[in-house]
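Below: the structure, in C-alpha cells.
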Amino acid sequence: VFGKDIALILTLNNLSFDHKTVKVDISASTILYTRRAVSEILQATTSVDLGSKQEKYIRLRIPYTYYGKYLTTDKRIQVTALCEVMNMHGIKLLVEKTIILEDTNIIIKIPRRVVVNKAVTLEISYANPLPEPVSSCVLLVTLMNQQVKIHLAALAPRERSRIYFEFTPRRTGPLQLQVDFSCDKFSHVKGFVTIAVAPA
C-alpha cells in the first residue's frame, strides 16, 4: 500500500545434492508504466550458502523513506535480483518483480436510495497515508459533466478526514461520480462510484 514500507521475500532452492554458494545482487527502481526506470532507490549484494536440497530465504524491506520522493504517478517499483552460482561457469538467474502500490485513500459513501430531483448528500473520505504531514490538499469532484474544486486543510501523518457533498440528480439511471485527490507530496489519487438514480 502506498505510504507503507514494502516487504519482499526471495526464495533460493538448491535442487541438487551438491553444496552451492549463490551471490545475489538486488536492486530496486521506481519506474513508469512503460517499465522505463526513473530512479534507483536500493542496491544490495549478499551471498548465500545452500547445502544439499536446502532452501533459504532473503528478506528485503524497502522503507517509504527510500521510495516516497522518487515515485511517479504510476506508483510502480521494479525489483530485480541477479543470482549467480559461484564456481559453476557463470550460471546466472534473473528474477524480476514489478510492484504496483495501491491507494486506499478515497472512500465514497452514498445513501441506500437516490431519487431523481431530490437533494442527496454524499460522504467523501480521504486520507494521508504517509508518515509525514501533507499540505495544499485539493479534491476535484466530477459529476454530471461538471467539476467542483475543493481546497482542503492540511493533513497530519496517517490522518483521515471527510467532507459532505450535496447535489440533486436531474435524470434517472446510472450516474458516475469521480473524485481526484492531490496534495504537495502526491497527486491524482482517484476514487469513483456509480450511483443508481431511481424515479420519483
Side-chain angles (χ1 to χ4, degrees), residues 1-107 126-137 155-160 178-192:
V1 176
F2 175 59
K4 301 282 181 69
D5 293 354
I6 300 166
L8 300 167
I9 296 175
L10 175 66
T11 304
L12 298 175
N13 203 343
N14 182 6
L15 301 177
S16 76
F17 291 103
D18 300 323
H19 175 274
K20 287 184 171 61
T21 300
V22 182
K23 179 189 170 196
V24 183
D25 290 315
I26 299 170
S27 66
S29 299
T30 56
I31 60 169
L32 301 172
Y33 74 95
T34 57
R35 291 173 61 92
R36 186 171 73 81
V38 176
S39 185
E40 188 174 73
I41 55 173
L42 179 76
Q43 196 166 35
T45 300
T46 189
S47 187
V48 178
D49 289 318
L50 291 170
S52 169
K53 299 289 186 177
Q54 189 176 23
E55 186 176 82
K56 284 189 177 178
Y57 305 99
I58 296 175
R59 297 181 186 277
L60 180 68
R61 182 171 289 276
I62 306 174
Y64 164 75
T65 51
Y66 283 25
Y67 72 80
K69 61 184 177 182
Y70 300 110
L71 208 59
T72 70
T73 52
D74 295 329
K75 295 187 174 64
R76 290 171 188 250
I77 293 173
Q78 178 141 320
V79 181
T80 62
L82 181 62
C83 307
E84 183 178 0
V85 182
M86 309 307 287
N87 304 318
M88 289 287 289
H89 309 293
I91 293 177
K92 295 181 181 180
L93 173 69
L94 181 67
V95 180
E96 287 187 337
K97 171 78 173 174
T98 300
I99 300 161
I100 303 172
L101 298 172
E102 294 178 0
D103 290 315
T104 56
N105 290 5
I106 305 291
I107 299 171
Y126 54 96
N128 171 18
L130 307 184
E132 57 188 331
V134 297
S135 58
S136 304
C137 302
L155 290 173
R158 313 279 190 213
E159 183 184 2
R160 178 169 285 279
Q178 189 168 33
V179 178
D180 187 310
F181 177 57
S182 294
C183 65
D184 64 329
K185 299 284 193 318
F186 56 86
S187 60
H188 304 303
V189 174
K190 297 180 186 294
F192 69 91

Separation between CG (Leu15) and CD (Gln54), nearest 0.5 Å, reads 12.5 Å
d(Glu159 CD, Leu130 CG) to nearest 0.5 Å is 12.5 Å
Interatomic distance, CD1@Ile99 vs CZ@Arg76, rounded to 0.5 Å, equals 12.0 Å
Heavy-atom count check: over 12 atoms from other residues, nucleotides or ligands less than 6.0 Å from Lys69 NZ? no
- Is the NZ or CZ atom of Lys190 positioned over Phe181's six-membered ring, under 6.0 angstrom from the centre and within 45° of the axis? no
To the nearest 0.5 Å, atom NZ of Lys4 lies from atom CZ of Arg158 at 5.5 Å
Student check: side-chain heavy atoms of Leu12 and Lys20 closer than 4.5 Å
no
Tested for side-chain contact (heavy atoms from CB on, under 4.5 Å) against Ile26, the lone hit among Leu60, Leu82, Thr45, Leu8 is Leu60
Q) Just by distance, do the side chain of Ser39 and the backbone of Tyr70 share a donor-acceptor pair under 3.5 Å? A) no
- Okay, side chain of Lys92, backbone of Cys83: is any donor-acceptor separation there less than 3.5 Å? no
Before accepting this row, confirm whether a basic side-chain N of the pair Glu96/Arg35 lies closer than 4.0 Å to the acidic partner's carboxylate O.
-> yes
Taken to the nearest 0.5 Å, the spacing of Tyr67 OH from Asp5 CG works out to 7.0 Å
Do the side chains of Val79 and Leu10 get nearer than 4.5 Å, heavy atoms only? no
Check whether any side-chain heavy atom of Val189 lies under 4.5 Å from a side-chain heavy atom of Lys75, and answer yes or no.
-> yes
For Leu42 and Tyr66, the nearest pair of non-hydrogen atoms, with its separation, is CD1-CE2, 3.7 Å
* Asked: Under 3.5 Å, is there a donor-acceptor pair between the Thr80 and Ser27 side chains?
  -> yes
Taken to the nearest 0.5 Å, the spacing of Phe186 CZ from Thr72 OG1 works out to 14.5 Å
Query raised in the report: With a 3.5 Å cut-off and no angle check, do the side chains of Asn14 and Ser16 form a donor-acceptor pair?
Result: yes
Quick one, Leu93 and Val85 - any side-chain contact, counting heavy atoms below 4.5 Å? no
Across all chains, not counting sequence neighbours, the side chain to side chain donor-acceptor pair (under 3.5 Å) partners of Ser52 are none
Only residue of Thr98, Leu71, Ile100 satisfying side-chain contact (heavy atoms from CB on, under 4.5 Å) with Ile77 is Leu71
Using side chain to side chain contact (heavy atoms under 4.5 Å, CB included), reason through Val22 and Lys56 one step at a time and then give a plain yes or no. CA-CA 11 Å; Val22 182; Lys56 284 189 177 178; over 6 Å; no
On a heavy-atom basis, the closest approach of Glu40 and Ser29 is CA-OG, 3.6 Å
Tyr64, OH: over 12 other non-hydrogen atoms inside 6.0 angstrom | yes
| For Lys23, does the NZ atom have more than 12 heavy-atom neighbours from other residues, nucleotides or ligands under 6.0 Å away? | no
Between Ala81 and Val24 the two heavy atoms that sit nearest each other are CB-CG1, 4.2 Å
Is the shortest side-chain heavy-atom distance between Tyr126 and Val179 below 4.5 Å? no
Residues Gly191 and Ile106: closest non-hydrogen pair is CA-CG2, 3.9 Å
Smallest heavy-atom separation, Ala127 atom then Leu155 atom, equals C-CD1, 4.0 Å
Contact between Pro157 and Pro133 at the side-chain level, heavy atoms closer than 4.5 Å - yes or no? yes
